[in-house]
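One structure below.
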Number of protein chains: 2
Amino acid sequence: MNFSSKLLENAVDAFASLPGIGRKTALRLVLHLVQQAPETSEEFADAIVKLRKNIKNCQVCHNLSDEPVCEICSNNRRDKSVLCVVEGIRDVMAIEETQQFRGLYHVLGGIISPIEGIGPNDLHIDSLIGRVQTGEVKELIMAISPTIEGDTTIFYISKKLRDLDLPVQLSTIARGVSFGGELEYADGLTLGRSIVSRIPYRKDE
Amino acid sequence: MNFSSKLLENAVDAFASLPGIGRKTALRLVLHLVQQAPETSEEFADAIVKLRKNIKNCQVCHNLSDEPVCEICSNNRRDKSVLCVVEGIRDVMAIEETQQFRGLYHVLGGIISPIEGIGPNDLHIDSLIGRVQTGEVKELIMAISPTIEGDTTIFYISKKLRDLDLPVQLSTIARGVSFGGELEYADGLTLGRSIVSRIPYRKDE
């Protein structure tokens, strides 16, 4: 693109450096900001700088947090005996959105992936074991992607817990045909698993 | 979305206020910035604030510019006798990109649209007439969208020039079947116009 303005070019470059934003989209966003009041751009910039400067990882669960310990971990009304183990903070948000889980989380920061060079020591597994060792945790729900890497990660953690003789219940989230999903469009693996892990019918469901 | 962090929520809100950016995309962009070095976020924010604070509209052609008069208008090697009249600065960029035009521009800032409440006085038409009145301009190329509003705008300008008895050549950009376009897929209006405005065949083309 041919910019007659260096300022414009710099701002477009900044937006275009973000994932999934091309230069045409970047230009559209920048021109939008130019057409707004100067305060809009200042508030926009301010939100980003403040975030990057002050955001922390929760010391307990490694979720993103404004404080050293996140809102979820410091909430006394949550069940400290159940930990939901997830790959990243987006998973925490998705599960919180459901309002079906009242326990705490543990963010691994990824999953074991030899191809990408991610080993167990790159993940927050030691601190997970540490939390279990306090004796307060009764169950770990592994809400990890059902991939080879995910299964490897779950296996690694379960082995480590067994080796240390830690009596904690391990579970994985249920896999099956999604609500509103049609049987014929479900993939074979999911459909097969949903039959193997069938659940007794209850009238009140 | 359920954010455990106010800082994160503010940054996502900021991105989601941009046109075409939903909250899921906004979150993805924000998490990208969080994973980069703090300098990346600072440079990003800096580019936006500097742009909004220092960007000007060229006093001559109303294009966006870093200086009171833009690079194109202050370029002595450009032909000052031909003005290309466009709706917005994106049109300037698109035409500059072609490298086929060596004259100057005039950005109207929109087109006459009674439905959207945009009248001639909301556009930079008076300053266009003023530039023609200096006597330096020999031709105005109207590179305006071929819509009813666009045609109205062209008609308004041509009438104003005639009323003031300003002897300037008015032209519009050629309409026709685009290069690489197949005849059968061209819309009827375009195809019809391309036959009416046919051009003599030259061997060297």
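Everything numeric here is computed off the predicted structure, so don't read it as measured data. The sequence lines fix the lettering, A, B, ..., with proteins before strands; numbering per chain opens at 1.
The residue among B:Pro38, B:Ala94, B:Ala47 with the most heavy atom pairs within less than 4.5 Å of chain A is B:Pro38. Between chain A and the residues B:Val30, B:Asn54, B:Leu31, B:Ile72, the most heavy-atom pairs under 4.5 angstrom are made by B:Leu31.
Note: B:Ile55 CD1 to A:Ser5 OG = 3.5 Å, rounded to the nearest 0.5 Å. Between the CD1 atom of A:Ile48 and the CG atom of B:Leu33 there is a distance of 6.0 Å, given to the nearest 0.5 Å.
Surrounding CD of A:Gln36 are more than 12 heavy atoms belonging to other residues, nucleotides or ligands, all under 6.0 Å away. For B:Leu170, the CG atom counts as densely surrounded, since its 6.0 Å shell holds more than 12 non-hydrogen atoms of other residues, nucleotides or ligands. When the shell of 6.0 Å around CD of A:Glu139 is examined, it contains more than 12 heavy atoms from other residues, nucleotides or ligands. Within 6.0 Å of atom CD1 in B:Ile173, more than 12 heavy atoms from other residues, nucleotides or ligands are found, so the atom counts as buried in its surroundings.
Residues B:Phe15 and A:Leu18 form a side-chain contact, since some pair of their non-hydrogen atoms from C-beta on lies under 4.5 Å apart. No side-chain heavy atom of B:Asn10 sits under 4.5 Å from any side-chain heavy atom of A:Leu51.
Contacts of B:Arg28 classified as side-chain contact (heavy atoms from CB on, under 4.5 Å), with partners at least two apart in sequence or in another chain: A:Pro19, A:Arg90, B:Thr25. Qualifying side-chain contact (heavy atoms from CB on, under 4.5 Å) partners for A:Thr147, counting only residues two or more places apart in sequence or in other chains: A:Ile111, A:Ser145, A:Glu149.
For chain A, the nearby part of B:Ala37 is the backbone; its heavy atoms alone come within less than 4.5 Å.
Contact residues of residues 60-71 of chain A toward chain B are A:Asn63, A:Leu64, A:Ser65, A:Asp66, A:Glu71 (heavy-atom distance under 4.5 Å).
Within the structure, every pair that satisfies the salt bridge (charged side-chain N to carboxylate O under 4.0 Å, His left out) test and touches residues 31-59 of chain A, not counting sequence neighbours, is listed here: A:Asp46-A:Lys50.
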